[in-house]
Amino acid sequence: MSDPKWQPRIVAFFCNWCTYTAADLAGVSRFKYASNVRVIRLMCSGRVDPQFILDALAEGADGVLIGGCHLGDCHYSEGNYKTVRRFQMLQRLLHDMGIEEQRVRLEWISASEGERVKTVINDMVEQVRALGPLNLPQHRAEWDRETAHPAETALPAEAAGGVQLAGQRAQPEVAHA
Amino acid sequence: MKYSYFPGCSLKGLGRSYEESLLPVMKHLGVELTELNDWNCCGATAYMSVDEGKAAVLAARNLAIAEQAGPEDLMTPCSACYLVLNKTKHNIADYPAINATVQRALGSARLAYRGSVKVRHPLDMLINDVGLDVIKEKVVRPLKGLKVAPYYGCQIVRPYATFDDAWNPTTMDRLLATLGAEVVHYPLKTKCCGGSLTGTVPEAGLRLTYILLKEAVRRGADVIATTCPLCQFNLDAYHDQINQRWGPARIATVYFTQLMGLAFGMPAEQLGLKRNFIPMKPLPAPLSKV
Amino acid sequence: MNTNHKNGEVRIGFYICHCGHNIAGMVDCPAVAQFIAKLPGVAVSRDYKYMCSDPGQELIQQDIREHKLNRIVVASCSPLLHEHTFRNAVAAGGLNPFFFQMVNIREHDSWVHTDRAEATAKAKALAHAAVSRVRFHRALETTRVSINPDVLVVGGGIAGIHAALTVANSGKKVFLVERDPSIGGHMAQFDKTFPTLDCAACILTPKMSAVRSHENITLWTYSEVVKVEGYVGNYKVTVKRRPRYVNEDLCAGCMECITACVFKEGKFPDEFNAGLSKRKPIYIPFAQAVPPVVVIDPERCLQVRTGKCKKTCIEACADRHAMDFSQKEELVEIQVGNIIVATGFKLFDAKRIPQYGYGQFPNVVTALELERLVNSSGPTAGEIVLRDGRRPKSVGMILCVGSRDVKTNRWCSRTCCMHSMKLAQLVREHTDADVTVFYMDIRAPGKGYEEFYDKSLKEGIQFVRGRVAEVTDWAMAPEEEGKMVIRVEDTLAGFVRRIPVDMIVLAAGMEPQADAQAVRRMFNMSCGTEGWFLEKHPKLAPVSTFTDGVFIAGCCQGPKDIPDSVAQAGAAAAEAMALADKGYIEQEPNTAYIIEADCSGCKSCVPLCPYTAITFDEAKQKAQINGALCKGCGTCVASCPSGSIGQNLFEDEEIFSEIEGVLAYV
Amino acid sequence: MPDKPKIGFYWCASCGGCEEAVVDFAEDILGVIQAVDIVFWPVAMDFKKKDVEAMPDKSIAATLLNGAIRTSEQEEMARMLRRKSQYLIAYGACAQLGGIPSLANQFPREQLLRYVYEEAPTVVNEAKTRPQTASRNNGYDMTLPEFRNVVRTLDQVVDVDFYIPGCPPTPKITKAAIGALLEGKLPPKGSVLAPDVALCEQCPRKANKPADLSFTQFKRPHQTVIDPNLCMLAQGIVCMGPATRAGCEAACPGGNMPCTGCFGPTSRVQDQGAKILSSLCANLAAREEKEIRGVLAGIPDPVGTFYRYGLGKSMLRRKANMPVETAKNTP
């Protein structure tokens with residue numbers, strides 16, 4: 001896609017105790033970095049379900065960044081070990097599914113490394129920018145053009161209480177303005 | 001014990017007495033030195049400041065040849081060679097750009113350098129490989145009563161303090177003590193000898209040389225022991241000018257290998273000792289017979 | 001249970017805070033509010049100057065009443081800062097506080113971005129995510145954990161001592177654990193203290209004995225914490241008590257055993273005198289030691305090492321029977337509610353800067369060694385003398401040794417300027433020597449400190465601005481003979497100087513303790529990159545850590561002088577007491593739970609829990625989670641292969657909708 | 001009996017095993033035939049497309065459609081049967097999840113055709129002839145369905161009422177489904193007609209799984225002698241059971257083979273592969289990155305292992321950045 005206005009969209013999952021706090025510190029220190037990363041706070045990088053990463057990519061993220069405490073420093077003592085193990089397999093899976101490893105990154109950033117938040121995010125944004133858009137939703141749309149009518153289930157389904165269930169989700173609305 | 005041997009230009013020229021003493025001493029200790037085949041300038045002197053890239057290539061060629069020659073460490077006595085070869089080794093490892101230039105140049109001569117060569121200084125290898133106890137056994141004429149100021153010069157411990165402390169090196173002190181000499185405390189052991197400034201800006205260069213000599217004399221040393229051809233020359237060759245400028249500071253400067261030779265009972269002339277401008281003071285008995 | 005609420009429609013109230021200019025300066029708040037207003041389920045969407053202010057909170061409560069809101073989203077600063085504030089506001093408005101979600105558009109947005117359009121877009125995305133997520137929130141109850149009022153203080157320096165006394169005076173039990181044989185720390189080694197020059201012993205000793213006599217304080221010296229389990233309010237701590245081979249209760253500190261020791265002379269470097277004097281294998285750390293009982297150095301005592309000794313000490317002790325070579329190392333377990341860590345600092349090893357000649361020239365000493373020399377109870381009874389007994393005619397003091405130097409430590413050790421000036425004045429007092437201080441900057445920021453600097457100048461102490469290049473005994477001029485020469489570029493005069501002196505004092509800086517990393521892991525704290533223990537917030541929570549119930553005081557948090565250490569110790573004590581007096585702490589209800597009907601009993605989750613909160617119920621053939629033990633990391637939730645574990649506040653669908661939300665707007 | 005409910009069976013991209021599963025009813029098939037009119041079942045009975053087209057919409061009570069959707073014809077039939085049936089039921093793994101055919105979503109269409117018609121070792125085809133959507137053969141116009149770029153699940157093409165999982169579905173759950181259908185005791189639309197709990201609950205080896213299992217290596221079934229009683233995972237054999245819906249009564253573990261996941265995930269899981277990956281990896285014993293990599297090397301093909309039946313329905317669905325080629329079967 002040769003859209004000059006294209007900006008990478010990166011979803012980040014930061015652990016509450018180290019990386020999220022480091023990002024706060026980066027803010028307090030007024031370090032300036034790229035605005036492409038959207039942070040989702042979890043208590044521990046161990047909470048990062050591989051489904052979250054696949055979903056983020058499937059829903060239109062060009063990259064996913066996971067931030068946790070350094071190995072040995074996990075607030076829950078072992079959580080980040082689970083993360084790094086899952087991560088290694090996920091990387092192979094993504095590779096086999098045609099998604100470049102550099103789109104998904106795992107970084108250990110301790111609560112005091114505010115500056116590292118800046119460097120890691122800037123670095124990753126540039127990395128992903130160089131790779132170009134992933135944009136799986138658009139790919140799916142292209143794939144499905146060959147079916148006569150779009151599948152009914154591709155429309156948003158309403159669940160009880162007027163609440164969308166995560167399971168059957170609409171395509172993300174595209175950029176305003 | 002086997003080493004590849006890189007003499008460098010000095011040891012074939014001005015500093016030949018260094019080689020003249022080094023080779024027999026090493027032989028005597030059962031150390032086998034194989035001179036590199038077709039070695040070239042190490043890249044020191046003006047080269048480094050004119051074109052670092054070309055200088056690196058020059059040095060790297062020697063490293064490449066050494067790597068080809070075999071697994072032995074590369075021993076080089078001249079401080080300048082020692083520093084430049086080490087520096088190049090580090091730069092090739094640390095800076096991809098330099099590495100690229102070097103490999104490209106080497107490639108055109110069907111050479112390559114994989115980075116495996118260890119560059120060693122004789123002091124390093126004498127203390128850590130041969131060992132002082134072995135050396136002690138070889139001492140037949142201990143240098144009793146000879147007061148020696150150990151002078152290391154600036155290059156072998158800085159910036160890469162690989163085998164000795166950068167501020168207060170002691171390997172030569174320990175070696176000289178093993179030979180039976182009395183090592184005087186010499187706080188200027190790593191200060192600058194004036195380097196090439198002695199030729200280019202004498203008032204600056206010679207002053208530094210003078211300071212070194214003066215301090216050695218003040219400390220009551222009979223002789224300065226050095227590891228560096230340039231230091232040896234500076235400390236040996238300019239006494240007349242120094243005398244005119246600041247007054248006398250007359251003391252001989254010899255290579256530590258020459259003192260080893262004497263202690264091993266080798267005749268002075270075979271050790272190139274006769275080449276000095278300022279000859280070593282007649283030594284207390286029994287050495288004086290030599 | 002883990003599906004969204006079924007009770008009618010969702011009515012969301014969204015509020016975006018300007019935070020003065022902090023947010024509004026970079027984010028178009030009204031635009032964000034308008035964007036959010038269009039999203040399904042949003043009933044109210046407003047922007048306001050200061051949401052955390054009373055009127056701001058009142059606004060939320062009013063809207064809850066008037067617009068029947070049942071979900072609240074506030075976009076402002078970090079949840080780590082104000083989540084509690086707004087939850088309380090929501091609760092005051094009559095809603096369950098967990099029907100609330102916070103969006104961090106200050107620390108994570110307005111403060112770190114420079115393009116208004118981009119920052120605004122990001123704010124919209126983050127807000128969109130929160131709005132999508134909050135739909136799924138459920139009413140939750142916080143659980144209360146009761147707090148054991150007893151407090152553990154680790155480290156018996158001035159900080160630990162002050163903290164222990166403060167807590168004990170409030171009527172709570174305190175365990176004070178000190179690694180050395182006596183409490184007192186570095187302060188006990190000092191002679192006088194700046195800027196008042198009152199004697200350290202005079203102000204410290206009373207506090208030390210107060211610790212010993214205090215009915216609420218259990219003092220364990222020569223002991224170390226080796227294990228910490230549990231959580232805020234309920235810590236289980238294991239303390240290793242090393243044998244001192246002397247019964248503390250029976251020993252009267254008469255020291256006859258020391259006189260009687262088979263070692264007639266002191267033979268081993270005396271730690272307290274910084275190695276300037278010698279002690280015997282049996283010794284008393286220093287005159288005012290607390291407890292004032294002797295201790296035996298197991299590495300040195302013949303009896304302990306070989307078992308072959310005349311044991312003259314036992315004879316000397318006679319019928320007091322205080323000597324006890326049968327003592328063994330023991331592990332004691334205690335229960336406390338709060339922990340105050342005050343483990344102090346380590347002095348920079350001046351040998352690491354060889355050009356300053358420490359360890360090479362006998363008359364190069366550290367500031368701490370000089371402290372012992374000027375101290376009347378020190379090895380020279382207060383005489384400032386060179387190693388050969390002469391009195392120095394000239395003394396040079398080198399500042400920032402190991403500090404403010406990229407090659408060693410980058411930080412300023414904060415106390416060295418004042419400390420050195422104090423010593424300079426003492427040297428002038430005790431001798432007629434010229435004193436020259438070599439400094440980069442004189443840092444005297446404190447009450448009466450600048451005045452102290454002036455006093456030093458008036459007393460004729462020379463100040464030379466420049467980083468000393470080297471200390472050498474190479475003399476170039478007659479007046480340099482037999483002296484050490486300090487070579488330095490005088491950056492005010494603008495040339496290189498050689499200054500000969502008899503004695504050189506190195507103001508070695510402060511470093512984190514060698515075992516700081518191990519200690520911080522044990523107490524589950526964080527460290528800054530330099531190795532100092534990390535406070536929860538540099539301004540608003542300076543003595544708290546990221547682990548509830550663990551507080552820090554004194555130099556383990558960073559270099560500081562005595563007044564600051566004491567102030568911090570008081571603060572840490574107050575924090576601990578506040579928790580203890582409240583008696584309980586509300587715990588974030590972010591625990592995981594197993595949906596029993598859905599669990600297949602595959603046991604995959606059981607080994608994952610670091611707190612063994614997950615067990616397998618053989619009867620039901622299902623896994624189950626003990627909510628009291630669960631800390632809410634969510635690792636098991638992410639791992640359950642059949643999606644049968646939920647986590648309050650972090651449900652799958654909540655996170656999925658957040659993902660959708662952040663991606664819904666570029 | 002005119003008012004017997006009409007039932008249809010149809011197959012799309014599938015191996016035929018699902019049809020076999022119906023035949024596996026054995027005598028019970030008679031019971032079914034008693035209860036219903038089978039109005040469409042190309043495999044077993046001679047019906048033509050036009051017969052169905054002739055029927056009024058919604059006149060078929062239920063159609064059990066198996067197989068994934070790969071060709072234009074399959075899609076067309078699916079849409080028609082959707083129109084004609086009150087209930088359209090995705091029957092079997094391929095219709096529900098894409099099944100094994102959807103593993104083809106890892107490859108571009110052109111590569112598949114080239115391999116099948118030119119490169120496969122058993123193929124002799126110098127002319128490199130490929131099936132054409134339209135051709136003329138001694139005077140007749142011949143057409144073939146178009147081969148699509150993507151393998152789709154049934155519900156990615158038409159609205160689906162219920163799912164009967166399995167490769168193939170067991171007679172038991174099929175009968176239960178048909179029974180519920182006849183008695184009108186149907187769960188909410190979109191339900192999978194099998195227990196919403198993982199297979200371990202039904203697994204005879206469940207009791208023999210240690211509660212503190214952590215993996216030091218992974219083996220594939222042919223690399224070891226499988227203990228007939230011990231939990232597969234406890235033997236280091238990748239078993240999809242914990243991430244797979246129950247209902248088959250652990251047929252494979254019962255037959256001393258690990259579960260490969262054909263019943264798909266529970267309703268609470270969106271991506272079966274991601275979940276088993278998460279669970280298995282979290283429980284590794286290794287701590288150093290190198291060790292971890294070593295242990296995981298025991299699973300050489302993550303996609304084929306974790307998504308053997310579910311790639312078409314997975315979050316990524318198809319290998320990213322793959323071309324969408326012109327809708328003609330010509331090279």
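Chain naming here is simple, since letters A, B, ... match the order of the sequence lines and numbering starts at 1 in each.
- Of the listed residues (D:L213, D:D212, D:V197), the one with the most heavy-atom contacts under 4.5 Å to chain C is D:V197.
- Using a 4.5 Å cut-off between heavy atoms, C:S644 touches chain D through backbone and side chain atoms alike.
- The backbone N or O of C:K603 lies less than 3.5 Å from no partner atom in the side chain of D:K209, so there is not a single donor-acceptor pair.
- The closest side-chain heavy-atom distance from C:L608 to D:N283 is below 4.5 Å.
- The side-chain contact (heavy atoms from CB on, under 4.5 Å) with D:P242 is formed by just one residue from the set C:S639, C:P641, C:C640, C:C605; it is C:P641.
- Only the backbone of D:A207 comes within contact range of chain C, judged by heavy atoms closer than 4.5 Å.
- Annotation: D:Y87, atom OH; neighbour count of heavy atoms from other residues, nucleotides and ligands within 6.0 Å does not exceed 12.
- At a 4.5 Å heavy-atom cutoff, the contact between D:P210 and chain C is made by backbone atoms alone.
- Atom CG of residue C:D652 and atom CD of residue D:Q270 lie 8.0 Å apart, to the nearest 0.5 angstrom.
- With a threshold of 4.5 angstrom between heavy atoms, C:C599 approaches chain D through N, CA, C or O but not through any side-chain atom.
- Distance CG/D:L280 to OG/C:S604: 7.5 Å, rounded to 0.5 Å.
- Checked by atom type and distance alone, the side chain of C:S642 never pairs as donor or acceptor with a backbone atom of D:T266 at under 3.5 Å.
- Here the rule is side-chain contact (heavy atoms from CB on, under 4.5 Å) with C:C602, and of D:C239, D:C200, D:C203 only D:C200 fits it.
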